[in-house]
Amino acid sequence: MKTAVLLYNPQSGRGRIDFQVEELCTVFRAYGYDIRPQQIDFEANPFDGNETVSLMVVAGGDGSVNFVLNAMKRKGLDIPLGVIPAGTANDFAGALGMSRRPLEAARQIASGVEERVDCGRVNDLYFINILSFGIFTTTSQRTPDEIKHRIGKLAYIIEGVREVVSMHAVPLEIDADGERFDLRSLMVLIFNGETAGGFPLARRSSIRDGLLDCILLEKRDIFRSTLAMGQYLLGGNPKIVRHLQARKIEIRSTVNEPTDVDGQRGAEFPLHIECVAGGVRVICPSSGE
């Protein structure tokens, strides 16, 4: 019999997943899974005692998936992951094509197909969606869970606006697949996935192309920089927003700027970043879904 663990985070999203755990398990049992629910404990490795399961189902947001991915890599395991979107933005689940309705997403996983998709790695940390630093990029870390639960994505916008008043440039030395350049940047976004906080910022990114998409906002005065980012969000291509794709990126700086991976505390400079092509086994909806 196929064995699975439903690892759920009752704090994700609006905290509703806690009330659907048994219903979710019922879906998997109907498809022949022997599944056991387990509440996520960020102080323990969820694969301890679960090294031989057929499937690890994560019901949570990108931060929960990030935690599980890193926990699995630390143990040297390669177990398929199923993702039930139960967070605020659920960017990675969206890239996989998962339904936003948890019970439907459970059915998609139970009847789905296994694929290998990319993940990113920065120093000794893995990320499934985005590595970032500069303005707006620690917004998820700073935004209190209770506010996320109450107003959803709007919480990120409110917290992000507060960061504009303190924005500063970070001097960078960048090497992207052998292309070297210097830049004073207000913000750096390095995507494995396609969206950030539910917003479509990485226009060409894919979790299946073996590349990372990097967006860099160059420092100008506050008006020009803010205007340029607004133009980019609306589909424009302002010169001070630089875009590149690469397999490996090295970033050095005289400033040890805080970084963020999937809404969690990230790595310290210097940053050695690479796309791990096919680095994660996932269950995706079958064709025709």
Side-chain angles (χ1 to χ4, degrees), residues 7-9 11-14 16-17 40 57-70 81-102 104-105 108-109 112 115-122 125-134 136-143 145 147-149 151-157 159-160 187-209 211-215 229 232-233 243 245 259-266 273 275-276 279-280 282-285:
L7 191 69
Y8 66 98
N9 183 359
Q11 301 303 315
S12 290
R14 299 180 185 271
R16 295 173 180 169
I17 201 68
I40 197 166
V57 181
V58 185
D62 291 326
S64 298
V65 180
N66 174 288
F67 169 74
V68 172
L69 172 63
N70 279 278
L81 301 180
V83 182
I84 295 176
T88 301
N90 306 300
D91 292 301
F92 186 62
L96 294 177
M98 305 307 300
S99 169
R100 292 181 177 274
R101 301 188 301 274
E104 176 60 18
Q108 289 177 319
I109 296 167
E115 289 189 40
R116 280 199 171 272
V117 299
D118 305 338
C119 65
R121 181 166 58 203
V122 52
L125 292 175
Y126 290 84
F127 59 97
I128 46 94
N129 192 59
I130 184 172
L131 157 71
S132 59
F133 59 90
F136 305 138
T137 59
T138 57
T139 297
S140 181
Q141 296 178 41
R142 296 170 183 266
T143 307
D145 285 339
I147 297 179
K148 292 181 190 177
H149 296 168
I151 61 176
K153 295 178 188 177
L154 181 60
Y156 293 136
I157 298 174
E159 187 64 34
M187 178 176 64
V188 174
L189 307 174
I190 299 177
F191 285 90
N192 175 58
E194 301 165 9
T195 61
F199 300 100
L201 300 178
R203 300 171 188 166
R204 293 185 288 168
S205 183
S206 168
I207 56 175
R208 298 174 176 88
D209 63 1
L211 296 170
L212 297 171
D213 276 51
C214 184
I215 298 169
M229 199 62 205
Y232 183 84
L233 289 172
H243 176 264
Q245 291 182 306
T259 69
D260 181 284
V261 287
D262 298 328
Q264 311 299 309
R265 183 176 178 179
I273 309 155
C275 179
V276 183
V280 192
V282 294
I283 305 299
C284 299

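Heavy-atom basis, side chains included; hydrogens, waters and symmetry copies ignored. For clarity, every value in this text was computed on a predicted model and none was experimentally measured.
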Less than 4.5 Å apart, any side-chain heavy atom of [X] and any of [Y]?
{"X": "Val65", "Y": "Asp262", "answer": "no"}
{"X": "Ile130", "Y": "Leu189", "answer": "yes"}
{"X": "Gln108", "Y": "Ile283", "answer": "no"}
{"X": "Leu125", "Y": "Gln264", "answer": "no"}
{"X": "Phe92", "Y": "Val282", "answer": "yes"}
{"X": "Asp213", "Y": "His243", "answer": "yes"}
{"X": "Ile215", "Y": "Val188", "answer": "no"}

Test side-chain hydrogen bond (donor to acceptor under 3.5 Å, both in side chains) applied to Ser205 - qualifying residues, sequence neighbours left out: none
Any residue meeting side-chain hydrogen bond (donor to acceptor under 3.5 Å, both in side chains) with Asn192, in chain and number order, not counting sequence neighbours: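 Per chain and number, Asn192 pairs via side-chain hydrogen bond (donor to acceptor under 3.5 Å, both in side chains) with no residue.
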Which value, rounded to the nearest 0.5 Å, describes the distance between [X] atom [atom1] and [Y] atom [atom2]?
{"X": "Ile17", "Y": "Asn9", "atom1": "CD1", "atom2": "CG", "result": "10.0 Å"}
{"X": "Asn90", "Y": "Asp62", "atom1": "CG", "atom2": "CG", "result": "6.5 Å"}
{"X": "Asp209", "Y": "Gln245", "atom1": "CG", "atom2": "CD", "result": "6.0 Å"}
{"X": "Asp91", "Y": "Thr195", "atom1": "CG", "atom2": "OG1", "result": "3.0 Å"}

Nearest heavy atoms of Met98 and Ala105, plus distance in Å: CE-O, 3.6 Å
Nearest atoms (heavy-atom pairs only) where Tyr126 meets Cys119: CD2-SG, 3.8 Å
Side-chain donor-acceptor contact under 3.5 Å, Asn66 with Asn70: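 Yes, a side-chain donor-acceptor pair sits under 3.5 Å.
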Arg101, CZ: over 12 other non-hydrogen atoms inside 6.0 angstrom: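 Incorrect, the count does not exceed 12.
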Verdict with reasoning, Leu96 to Ile207, per side chain to side chain contact (heavy atoms under 4.5 Å, CB included): CA-CA 8 Å; Leu96 294 177; Ile207 56 175; 3.6 Å; yes
Verdict with supporting geometry, Cys275 and Leu211, side chain to side chain contact (heavy atoms under 4.5 Å, CB included): CA-CA 6 Å; Cys275 179; Leu211 296 170; 5.7 Å; no
Side chain to side chain contact (heavy atoms under 4.5 Å, CB included) partner of Ile190, chosen from Ile273, Thr259, Val122: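 Of all the options given, the one that passes is Ile273.
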